[in-house]
Amino acid sequence: MNAEFRKARVLVGDAEASAELVRGRVIEAVERYGKFIVFRLAPSGYLLVHLGMTGKLLLDPTVRKHTHAIFTLSDGILQYEDSRQFGRVECREVLPERVTKLGPDALAVSSEDFVALVRGRKTRLKALLLNQEIVRGMGNIYADEALFRAGIHPLAMGARLTRARVRKLWEAMREVLTEAIASKGSSISDYVDAEGERGSFQESHRVYQRDGKPCVVCGAEIQRILVAQRGTHFCGVCQRR
DNA sequence: ATCGGTACCTGCACGC
DNA sequence: TGCGTGCAGGTACCGA
């Protein structure tokens with residue numbers, strides 16, 4: 001592959017050194033690590049991509065206003081596009097500690113480990129689920145959806161939940177992520193996958209951005225509050241404090 | 001250890 | 001039509 005970086009802000013590290021690191025290398029595998037997309041390169045090295053809020057990896061050669069990186073592959077062009085520039089691209093010989101220090105993956109963590117992680121924290125459940133150093137892979141949409149399905153209030157404290165309720169949250173988290181992945185994710189405004197396909201899980205959201213609308217279970221009005229500066233949606237009846 | 005606030009960006013919906 | 005405001009799939013950093 002060959003890489004061209006057009007925007008310093010979205011590249012972690014030096015543009016020249018990054019391009020040199022990936023030059024001539026082959027993509028051996030593409031894996032997910034929490035919210036990171038990891039391209040494992042041969043004979044060595046990694047290309048890491050975090051989409052942030054509006055990042056997209058596209059198999060599309062058209063360079064547009066927000067095209068920040070262009071990867072020339074043996075069979076086509078892959079580009080990184082990101083209007084808000086909150087995402088990041090990084091080329092490294094080894095995975096950076098910022099990434100390796102994250103918690104276990106939300107879809108791989110065992111029920112018992114998850115119970116221990118959650119009950120060991122005094123912080124609010126919503127903030128806990130968004131903290132990638134506790135469990136990696138959950139974002140704002142899926143935190144709200146998982147808490148709703150588990151019937152847990154976003155302001156509830158991890159340390160005060162019974163084991164049974166945390167186990168229920170573990171199940172809800174896996175269920176939500178598995179369904180969302182099967183639906184190719186949630187396209188809130190313009191998210192598309194590498195083939196340009198929108199996701200459809202937004203059609204299955206039960207609380208996220210449904211404030212003011214009736215709860216699908218009890219009919220009560222869905223509430224919106226701020227927790228750790230993030231919009232948080234829940235049903236005050238199904239998710240009691 | 002954890003929290004609240006701020007900062008970083010662009011684009012869109014909305015009210016006036 | 002334009003302008004101001006608030007909001008958005010996320011993370012990092014600061015001081016408390």
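All values below come from the heavy atoms of this structure, side chains included, with hydrogens, waters and symmetry mates left out. The structure displayed is predicted, hence computed values, not measured ones.
Classification of the A:F5-A:F71 ring pair by plane angle, with boundaries at 30° and 60°, yields perpendicular.
Whole-Å rounding puts the A:R64 CZ to B:dT10 P distance at 17 Å. For the pair A:N140 CG and C:dA8 P, the interatomic distance rounds to 8 Å; values are reported in whole Å. For the pair A:N131 CG and C:dG10 P, the computed distance is 13 Å after rounding to whole Å. Rounded to whole Å, atom C1' of C:dA8 lies 14 Å from atom CD of A:Q202. Computed from coordinates, the A:Y80 OH to B:dC9 P distance equals 14 Å when rounded to whole Å. Separating the CD1 atom of A:I188 from the P atom of B:dG11 is a distance of 19 Å, rounded to the nearest angstrom. Nucleotide B:dC14 holds its P atom 12 Å from the CD atom of A:Q209, rounded to whole Å. The CG atom of A:D144 sits 10 Å away from the P atom of C:dG10 (whole-angstrom rounding).
Here A:S186 lies in heavy-atom contact (under 4.0 Å) with a base. When heavy atoms are screened at a 4.0 angstrom cut-off, A:D82 is found touching no nucleic acid atom at all. Contacts of A:S187 with the nucleic acid, taken as non-hydrogen atoms under 4.0 Å apart, are absent. At a threshold of 4.0 angstrom between heavy atoms, the contacts of A:K65 are confined to the sugar-phosphate backbone, with no base atom among them.
A salt bridge is absent between A:E171 and A:K168; no separation between the charged side-chain nitrogens and carboxylate oxygens falls under 4.0 Å. Remark: A:E31 engages A:R40 in a salt bridge, criterion side-chain N to carboxylate O under 4.0 Å. Between A:R32 and A:D105, at least one side-chain N (NZ, or NE/NH1/NH2) sits under 4.0 Å from a carboxylate O, which counts as a salt bridge.
B:dA1 and C:dG10: their P atoms are spaced 24 Å apart (whole Å). Distance noted for atom P between B:dT6 and C:dT5: 16 Å (whole Å). Only the P atoms considered, B:dG5 is 15 Å distant from C:dG6, to the nearest whole Å.
When each of A:R64, A:K65, A:R6 is paired with A:E81, the salt bridge (charged side-chain N to carboxylate O under 4.0 Å, His left out) condition holds for A:R64 and for no other.
Within residues 165-179 of chain A, no residue approaches DNA chain C, by heavy-atom distance under 4.0 Å.
With contacts defined as side-chain heavy-atom distances shorter than 4.5 Å, the pair A:L41/A:V22 qualifies.
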List the steps, then state whether salt bridge (Lys or Arg N to Asp or Glu O under 4.0 Å) holds for A:R88 with A:E90. CA-CA 7 Å; A:R88 293 292 181 268; A:E90 185 169 6; over 6 Å; no
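By the side-chain hydrogen bond (donor to acceptor under 3.5 Å, both in side chains) test, A:Q79 is found to be paired with A:T67, residues two or more places apart in sequence or in another chain being considered.
For the residue pair A:S204/A:E179, the side-chain donor-acceptor check at 3.5 Å is not satisfied. The closest side-chain donor-acceptor pair between A:Y80 and A:D82 falls under 3.5 angstrom. Inspection of the A:S186 and A:Y142 side chains reveals an N or O donor paired with an N or O acceptor under 3.5 Å.
Taking the nucleotide of DNA chain B with the nearest heavy atom to each of A:A228 and A:R88, the more 5' of the two is matched to A:A228.
When distances run from any side-chain atom of A:H66 to the nucleotides B:dC3, B:dT10, C:dG10, the shortest one goes to B:dT10. Listed nucleotides B:dG4, C:dC7, B:dC9 differ in distance to A:Q85; the shortest reach to its side chain belongs to B:dC9.
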For DNA chain B, what dot-bracket results from Watson-Crick or G-U pairs at under 3.5 Å, with [ ] for crossers and | for inter-strand partners? .|||||||.|||||||
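For the OP1/OP2 pair of C:dG10 and a distance below 4.0 Å, the side-chain nitrogens and oxygens of A:R136 include no atom meeting the criterion. The phosphate of B:dC9 (OP1 or OP2) has a side-chain N or O of A:R9 nearer than 4.0 angstrom. Taking side-chain N and O atoms only, A:Q229 has no distance below 4.0 Å to OP1 or OP2 of B:dG4.
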Below 3.5 Å, can you tabulate the donor-acceptor pairs from side chains in residues 158-166 of chain A to any protein atom, sequence neighbours excluded?
| unit_1 | atom_1 | unit_2 | atom_2 | d |
| --- | --- | --- | --- | --- |
| A:T162 | OG1 | A:R165 | N | 3.2 |
| A:R165 | NH2 | A:G151 | O | 3.0 |

Give each protein N/O atom lying under 3.5 Å from an N/O atom of nucleotides 11-15 of chain C, with the pair distance.
| unit_1 | atom_1 | unit_2 | atom_2 | d |
| --- | --- | --- | --- | --- |
| C:dT11 | OP1 | A:H50 | NE2 | 3.0 |
| C:dT11 | OP2 | A:K35 | NZ | 3.1 |
| C:dA12 | OP1 | A:R98 | NE | 3.4 |

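Residue pairs meeting the salt bridge (Lys or Arg N to Asp or Glu O under 4.0 Å) criterion with at least one partner in residues 184-204 of chain A, sequence neighbours excluded, are A:K56-A:D190.
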